[in-house]
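One structure below.
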Amino acid sequence: MNKRDFLKFCSAAVTSRVLAPLAAWASSEKLKNWAGNVEYSTENLYAAQSLDQVREFVKKQSSMKVLGTRHCFNKIADSTQQFLSLKEMDKVVALDTEARTVTIESGLTYGRLCPYLDSKGWAVHNLASLPHISVAGACATATHGSGEKNGNLATAVSGIEIVNAAGEVVQLSRQKNRQEFLGAVVGLGALGVTTKLTLDVQPSFQMQQYVYENLPLSELKEHFDGIESAAYSVSLFTDWQKPRINEVWLKCRMDQSPKFDAPAEFYGAKKAARNLHPIVELSAENCTEQMGVPGPWYERLPHFRMGFTPSAGKELQAEYFVPRHNAVEAILAVQRIGDQIGPHLMITEIRAIAADELWMSPCYKQPCVTIHFTLKQDWPAVSKLLPVIEKELAPFRPRPHWGKLFSIPPSQLHSVYEKLPEFMALRKKFDPQGQFRNEFLNANIFGAVS
Ligand SMILES: Cc1cc2nc3c(=O)[nH]c(=O)nc-3n(C[C@H](O)[C@H](O)[C@H](O)COP(=O)(O)OP(=O)(O)OC[C@H]3O[C@@H](n4cnc5c(N)ncnc54)[C@H](O)[C@@H]3O)c2cc1C
C-alpha cells in the first residue's frame, strides 16, 4: 500500500462514527513504511478520532502499536496484531502565549504545525531534515536536527498525555512529575498511546541558508569547533571519497550575534553559486531555499520542502551518535573505511546536538555528533556494511538512531543507556502485560524481561 492509499484509508475510516477496521484493503499491496523496506506484519489498522475512541480501542487489545507517519527504517513501529492511527487527531488544542507553549493532538505533523505557529508569530526551536513527520513519532524516537546548542526535537516537549494499557489517561509534565516525564518523552512507543503533546515555543524568527562546497578535511580537523559554532544549525555532507566535506549547510538566524557575514570562503570551502541538493547530482527543487535568501524558520531549518519528496526516496538510512568530544576522531575513523562505504552510499550527513535529560535519548547527559548514512536500498549489502561501520565507531560507544537501521547487539545498547532499568520499570507500570511491546523492542531493549 502506498502513501496515498494509506491516507485515503485512514480518512475513510474516520468518517464512520465508530472505530472502523481497515483490514479489508481494497489494494493487494501490503502496508509498508515510507521507504518501502519494511512490510508491516499486519494490515489491521484502526483510525481513532477522539480520546474516548483511543481509550475504547486500547482496552480491547492485547497487543498493538501506534503507527505515525511511517518514516522509520526499522521495525520499531511494527505490530503483528493491530495498528492504531491518530492521523485524524491532528488539531492544535491551545497556543498559550503567556506560558510560551503550544498543545497539539499527536497526529499532527510538523508540516502542518509550523505554518500555523508562524502565522501566530511563534516557532519551535528546531526541525529535522523534513517536515513530513508526525510530532509524536519524531519525539518518541528522539528525532533531531542540527545545531550544537539545540537539543533534539523531543527536548521541546514540556507536557505529554498518554493512554496507558489499562486505557487510563496519564498526564505528565516537566514541572509536576519530572522523573516519569523524563522517562516518557522518548518513549519508543513502549508506554502507550501519546494523545497530546505540549511543546515550548519561542517568537518566530527569520533565517538565511548558505551552502559551501569542498571543505578540506584538514580544516575540519583543525577547526571543528569553529565550524560547528558558525551558525544556528550546521550540516556537513560527505561521500567519504576524498579528504574533504562535499557540502557545508549553514542555517543562520538573522537575529544571530555576531551575524554570519557569508564570506566567499569558509575554512577553505567555496560559497555555492546556486541552490544544491545534499546529493549534488539531484535537483535542488526539493530543497529549502539557499543563497542567503531570508525566509521563515520553518522553511530554512529542514533541508527538504513540504510537498516534495524528501531525501532520495528509494533508500535506507542508518545513523550513529557519538560524544561530541570524540567527533573528529570518529569522523576520521569512518573516513578510513570510505572505500568500503562508497559503493553503497548516497550521502553522509554529520550534525551536532546538545545534551538533554531524556532517559532514552541518545544525547542523555551528553552533547553528541551524529554520523548519518543515506544508503542505496540494497539490504543484503547494507546488512554487511553496518557492522563494519559500527566496528570503526565502537571505541566511541555509538548509540544508533532509534528509527534507523543498525546491528549493534542489545548488550552493547544496554551498556550505553544508564537509565534503561528505570525505563523498564516505567514501561512495566504503564504496560504490565507488554501490550505495546513488539519484536523490535523485545529484541533490542526489553529482552526476556517481563
Ligand atoms: C526521508 C527521511 C528523513 C529523515 N530525517 C531525519 C532527520 O533529519 N533527523 C532524524 O532524527 N530522523 C530523521 N528521519 C527519521 C524519522 O524522522 C524518525 O524515525 C521518526 O520517528 C518518524 O516519525 P513517524 O511518525 O513517521 O514514526 P513511525 O515510524 O510511524 O513510528 C515511530 C515510533 O513512534 C511510535 N509512535 C508514533 N506515534 C505515536 C503515538 N501517538 N503514540 C505512541 N507512539 C507513537 C510508533 O509506535 C513507533 O514506535 C528521517 C526519515 C526519513 C524517511
Side-chain angles (χ1 to χ4, degrees), residues 3 6 31-38 40 45 48 54 58 64-79 82-87 89-90 104-111 126-146 152-154 160-164 184-197 233 235 278 286 301-304 308-321 346-347 349 351 353 360-363 368 370 372 374 400-405 430-431 436-438 440-441 444-445:
K3 194 168 164 188
F6 173 79
L31 182 61
K32 291 183 178 173
N33 67 341
W34 173 86
N37 67 307
V38 171
Y40 295 119
L45 173 66
V54 172
V58 166
M64 61 167 287
K65 295 302 293 177
V66 182
L67 208 46
T69 36
R70 302 176 298 128
H71 275 60
C72 287
F73 289 84
N74 58 32
K75 290 194 166 180
I76 191 169
D78 197 20
S79 173
Q82 294 287 350
F83 283 122
L84 179 66
S85 169
L86 303 188
K87 192 189 161 282
M89 291 177 64
D90 64 347
I104 58 163
E105 290 182 330
S106 67
L108 192 63
T109 61
Y110 286 101
N126 209 3
L127 292 169
S129 69
L130 76 176
H132 309 60
I133 50 179
S134 77
V135 179
C139 293
T141 55
T143 290
H144 62 92
S146 191
N152 67 40
L153 305 191
I160 184 166
E161 178 182 275
I162 301 174
V163 173
N164 68 15
V185 176
V186 178
L188 310 178
L191 302 181
V193 182
T194 300
T195 41
K196 283 198 198 93
L197 288 165
S233 164
S235 286
N286 302 8
L301 285 170
H303 306 325
F304 303 107
F308 289 80
T309 302
S311 196
K314 196 165 187 265
E315 65 194 55
L316 299 176
Q317 294 188 8
E319 185 168 34
Y320 302 95
F321 294 68
M346 291 178 166
I347 201 70
E349 180 176 9
R351 290 179 272 188
I353 304 135
M360 295 307 286
S361 161
C363 295
C368 285
T370 55
H372 160 95
T374 300
H401 191 301
W402 288 120
K404 301 184 182 179
L405 297 163
F430 274 65
D431 180 22
F436 297 104
R437 285 170 58 167
N438 63 8
F440 176 94
L441 293 173
N444 290 294
I445 306 203

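Quick note: numbers below take in every heavy atom, side chains included, and nothing from hydrogens, waters or symmetry partners. One-based numbering, in listed order, for ligands and for the atoms of each. Numbering of residues begins at 1 and proceeds along the displayed sequence.
- Remark: distances from the non-hydrogen atoms of H132 to ligand 1 are all 4.0 Å or more.
- Close contacts of ligand 1 with V193, meaning ligand atoms under 4.0 Å from a residue heavy atom, involve 42 (N).
- E319 and T370 are linked by a side-chain donor-acceptor pair at a separation below 3.5 angstrom, with hydrogens and angles left out of the test.
- For the side-chain contact (heavy atoms from CB on, under 4.5 Å) with F436, the lone residue among L441, V58, L188 that qualifies is V58.
- The closest approach between R351 and ligand 1 falls below 4.0 Å for a heavy atom of the residue.
- Put simply, part of F73 is less than 4.0 Å from ligand 1, judged by heavy atoms.
- Comparing E105, E315, H401 by heavy-atom distance to atom 12 (N) of ligand 1, the nearest is H401.
- The shortest N or O to N or O distance between G68 and ligand 1 is below 3.5 Å.
- Heavy-atom separations between P302 and ligand 1 are all 4.0 Å or longer.
- Ring geometry for F321 versus H401: interplanar angle of 30 to 60°, hence tilted.
- Contact between E349 and ligand 1 is absent, with no heavy atom of the residue lying under 4.0 Å from the ligand.
- The distance from the NE2 atom of H372 to the CD atom of E349 is 6.5 Å, given to the nearest 0.5 Å.
- Taking E161 as the reference, K196 meet the salt bridge (Lys or Arg N to Asp or Glu O under 4.0 Å) condition, with sequence neighbours excluded.
- Assignment of S106 to the shell around ligand 1 is supported, since a heavy atom sits closer than 4.0 Å.
- The distance criterion of under 3.5 Å between nitrogen or oxygen atoms is not met by A128 with respect to ligand 1.
- Checked by distance only, ligand 1 and G137 come closer than 3.5 Å through their nitrogen or oxygen atoms.
- Below 3.5 Å of separation, one finds an N or O of C72 facing an N or O of ligand 1.
- Interatomic distance, OG1 of T109 versus CD1 of I104, reported as 9.0 Å (0.5 Å rounding).
- Contacts of Y40 classified as ring pair (Phe, Tyr, Trp, His ring centres under 6.0 Å), with partners at least two apart in sequence or in another chain: F83.
- Counting heavy atoms from C-beta outward, N37 and F73 have side chains that approach closer than 4.5 Å.
- Every atom of ligand 1 is numbered from 1 in the order shown, and the set under 4.0 Å from a heavy atom of W34 is 1 (C), 53 (C).
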